[in-house]
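What follows is a short report on a single structure.
For clarity, every value in this text was computed on a predicted model and none was experimentally measured. In what follows, every heavy atom counts, from backbone to side chain, and hydrogens, waters and symmetry copies are set aside. First listed ligand is number 1; within each ligand, the first listed atom is number 1.
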Amino acid sequence: MQYFSTNRRSPAATFREAVVQGQPDDKGLYFPAAIPRLDGTFCDRLGEMSNAEIAFEVIQPYIGSEIDDARLREICEETVNFDFPLVQLNENISVLELFHGPTLAFKDVGARFMSRCLGYFSKGQGEKTVVVVATSGDTGGAVAAGFHGVEGVDVVILYPKGRVSRIQELQLTTFGGNVITLEVQGSFDDCQTLAKAALADSDLRSKVSLTSANSINVARWLPQQFYYFFAHKQWAGEVPIVCVPSGNFGNLASGALANVSGLPVSKFIAACNANDVVPRFLNTEKYEPLPAIPTLSNAMDVGSPSNFVRILELFQHDFPQMAQKIAAATISDEETRNIIQYVYEQCNYILDPHGAVGYASLERYLEKHDGKGYLLATAHPIKFDVVAEILGFEPESPGSVRELADKQKQSVEIDNDYGAVRDIILSRI
Ligand SMILES: *Cc1c(COP(=O)(O)O)cnc(C)c1O
C-alpha cells in the first residue's frame with residue numbers, strides 16, 4: 001500500500017516509510033492511496049472469527065507484503081489479547097469498553113500495534129530507534145507499556161510534573177529498561193514543544209534514528225479500526241449509531257475509515273467537551289482552531305485536532321456528505337459531572353469523564369432521533385481522580401492498578417530546557 005501526504009507536497013511512502021517517519025516533511029498526514037473494501041459477507045461472518053483473525057483481515061491490505069503474514073498475525077494477536085466487551089446500559093444505549101488493556105485506555109491498541117511494527121522494521125538495522133513522545137497522561141502510559149521490552153527501540157516520554165493523575169504517573173514511570181521518563185518542570189504544551197524540537201533537530205537526527213509515537217502515525221491510527229468490528233460482532237439489531245469521545249479525532253477517523261471499508265454505521269457522533277472546533281465546523285462550515293481549554297475530560301482538551309484532516313479526506317472534502325454522516329455535541333464539565341452521577345444511579349455503571357461526554361452526547365442525540373447506539377468508553381474511571389470525588393467513593397481497581405502501587409517510580413526531573421532532552425537522547429546511543 002502507498003500512503004500519500006494530505007498536503008500533497010511530499011512524495012508517497014510505503015507503510016514502512018510512513019511508520020518510521022511518522023509525519024511527511026510537508027507536515028500533512030499520511031493517508032492510504034486506496035481504501036480497501038471488505039468483501040460483502042465479512043461483517044456477517046464476524047461471529048465465526050476470533051478478534052485476532054478479524055484484526056488481521058482488516059489490517060492486512062494496508063500492509064501487503066511489508067510485514068510477512070505469519071508475523072502480522074502474531075502482531076495482531078498480541079495487540080488485541082484483552083477483552084472488548086459491549087455492555088448494554090439501557091434500552092437504547094450500550095457502551096464499548098476499551099479499557100481492559102495494560103494502561104486502561106483505548107490507546108493501548110494503537111501503541112501495542114505500532115511498537116511491534118517499529119520493532120519489526122528496526123530489526124537487523126544495527127541502529128537503535130528512539131521514540132520521543134510528549135503526554136498529558138494517557139498516551140505516554142500506553143506508549144511506555146506498548147514499547148517496553150521491544151528490542152532495538154528506546155522510548156523517551158516527556159510529561160508535565162504534577163499535572164497527570166496518580167495512576168497515570170505510575171503507569172508512566174515504573175517500567176524502566178528501554179523506557180526513559182522525563183518529568184518536566186512545565187505544562188503539557190512545554191513538553192510538546194520539547195518533543196517537537198528534538199524531532200526537528202537535524203543534527204541530532206543525523207546521529208540517531210528518531211521518530212514520534214503520537215496518534216498521527218499510521219501504525220497507531222489504522223489498528224483503531226479493530227474494535228469497531230469487535231463491537232459489531234456483539235451488536236444485534238438495526239444499524240447502530242456510534243458515539244466517539246473525541247480530542248485529536250484519531251479514533252473517530254478510524255471508525256469512519258472502517259465504515260468506508262464496509263462496517264455498517266448509521267451515524268457517528270463526535271462527542272466533545274468545551275473544545276468544540278469540530279461541532280462548530282459542522283454547524284457553520286467554518287474551521288477555526290483555538291487554544292485548548294482545560295476540562296475534566298482532559299485527554300480531549302485539543303483546540304486544533306490533528307487527525308481531523310483525515311476525516312475530511314475520507315469524505316473527499318464534501319461537506320454535505322460529511323455533515324450527513326457525522327453529528328456532534330459539546331458537553332460542559334457540569335453536564336459531565338451530572339452524567340457520571342446519573343449513570344451510576346440509573347444503571348449502576350461508572351463512566352470516566354470521557355465516556356460521560358460520550359453518554360451525554362448520545363443521549364442528547366437520541367432525544368431527537370430514533371435509533372440505538374453505543375458509545376466508546378475510552379478509559380477506565382479509576383484513572384481520573386475526579387470520579388471518586390463526584391461519586392463519594394473510589395471505583396474498584398483492576399488488578400493491574402493494585403500492582404502498580406508496589407512499583408518504584410523511575411523518572412528524571414528536568415527543567416523546561418531542550419538541551420537536557422537532547423543530552424538524554426544522545427546518552428542512549
Ligand atoms: C486520547 C483520548 C481521547 C481522544 O481520542 P482522539 O483519538 O484523540 O480523538 C478520548 N478519551 C481518552 C481517555 C483518551 O485517552
Side-chain angles (χ1 to χ4, degrees), residues 29 95-111 113-114 133-146 159 164-165 167-168 171-172 188 192 213-228 242-258 268-279 289 292 295-311 314 326 328-331 336 340 350-361 375-387:
L29 301 195
V95 47
L96 179 66
E97 295 184 347
L98 299 180
F99 51 70
H100 296 281
T103 70
L104 313 177
F106 79 91
K107 291 189 176 77
D108 280 327
V109 173
F113 190 81
M114 179 181 167
V133 68
T135 184
S136 58
D138 276 348
T139 297
V143 168
Y159 77 98
V164 302
S165 80
I167 287 170
Q168 284 174 331
Q171 287 176 336
L172 284 169
F188 168 61
Q192 197 141 31
N214 60 20
S215 69
I216 60 180
N217 196 297
V218 291
R220 278 191 55 190
W221 177 50
L222 297 170
Q224 291 178 172
Q225 296 177 87
F226 297 163
Y227 40 73
Y228 291 92
V242 178
C243 180
V244 187
S246 294
N248 264 322
F249 279 79
N251 219 359
L252 198 134
S254 307
L257 178 64
F268 286 101
I269 300 176
C272 297
N273 58 29
N275 296 282
D276 64 346
V277 52
V278 170
T295 73
L296 293 180
S297 43
N298 63 351
M300 308 187 333
D301 295 347
V302 180
S304 177
S306 51
N307 272 289
F308 192 64
V309 60
R310 285 189 166 132
I311 298 180
L314 278 166
I326 305 178
T330 307
I331 306 297
T336 305
I340 290 173
I350 303 177
L351 286 165
D352 91 295
H354 307 80
V357 169
Y359 186 98
S361 302
L375 61 115
L376 271 50
T378 48
H380 194 287
I382 196 78
K383 290 189 90 169
F384 302 95
D385 302 337
V386 70
V387 175

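- Of the listed residues (Val278, Asn248, Asn307), the one carrying the non-hydrogen atom nearest atom 8 (O) of ligand 1 is Asn248.
- Remark: Ser304 OG to Asn248 CG distance equals 8.5 Å, nearest 0.5 Å.
- The shortest N or O to N or O distance between Ala299 and ligand 1 is not under 3.5 Å.
- An N or O contact shorter than 3.5 Å is missing between Pro245 and ligand 1 by distance.
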For a side-chain contact (heavy atoms from CB on, under 4.5 Å) check, start with the C-alpha distance between Asn251 and Val244, then their side-chain angles and the critical distance, and finish with the verdict.
CA-CA 7 Å; Asn251 219 359; Val244 187; 3.8 Å; yes

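- Below 4.0 Å from some heavy atom of Asp138 lie the following atoms of ligand 1, by number and element: 12 (C), 13 (C), 14 (C), 15 (O).
- The only member of Lys107, Gln168, Gln171 that meets side-chain hydrogen bond (donor to acceptor under 3.5 Å, both in side chains) when paired with Asp138 is Gln168.
- Counting only heavy atoms of the protein, atom 4 (C) of ligand 1 lies nearest to Gly247 N, 3.6 Å.
- Side-chain contact check for Ile216 versus Trp221: every heavy-atom pair is 4.5 Å or farther apart.
- Using a 4.0 Å cut-off between heavy atoms, Gln224 makes no contact with ligand 1 at all.
- Annotation: the span from Ile340 atom CD1 to Ile350 atom CD1 amounts to 10.0 Å, rounded to 0.5 Å.
- The N/O atoms of Asp352, backbone and side chain alike, include none that comes under 3.5 Å of an N/O atom in ligand 1.
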Run the numbers on Phe106 and Leu376 for side-chain contact (heavy atoms from CB on, under 4.5 Å), then give the verdict.
CA-CA 9 Å; Phe106 79 91; Leu376 271 50; over 6 Å; no

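- A side-chain donor-acceptor contact under 3.5 Å links Asn307 and Ser215.
- By the 3.5 Å distance cut-off applied to N or O atoms, Ala379 is not counted among the residues near ligand 1.
- Between Phe384 and His354, the two ring planes are tilted [angle within 30° to 60°].
- Scanning the protein for heavy atoms near atom 7 (O) of ligand 1, the closest one is Asn251 N, 2.9 Å.
- Ligand 1 places these atoms under 4.0 Å from at least one heavy atom of Gly250: 6 (P), 7 (O), 9 (O).
- Which parts of ligand 1 touch Met300 is read off a 4.0 Å heavy-atom cut-off, strictly below it: atoms 10 (C).
- Here is the list of ligand 1 atoms found below 4.0 Å of a heavy atom in Lys107: 1 (C), 2 (C), 3 (C), 14 (C), 15 (O).
- Of the protein's heavy atoms, Thr378 OG1, 3.4 Å lies nearest to atom 12 (C) of ligand 1.
- The protein atom (non-hydrogen) at minimum distance from atom 3 (C) of ligand 1 is Phe106 CE2, 3.6 Å.
- For the 3.5 Å distance criterion, the side chains of Asn217 and Arg220 fail to qualify, holding no donor opposite an acceptor.
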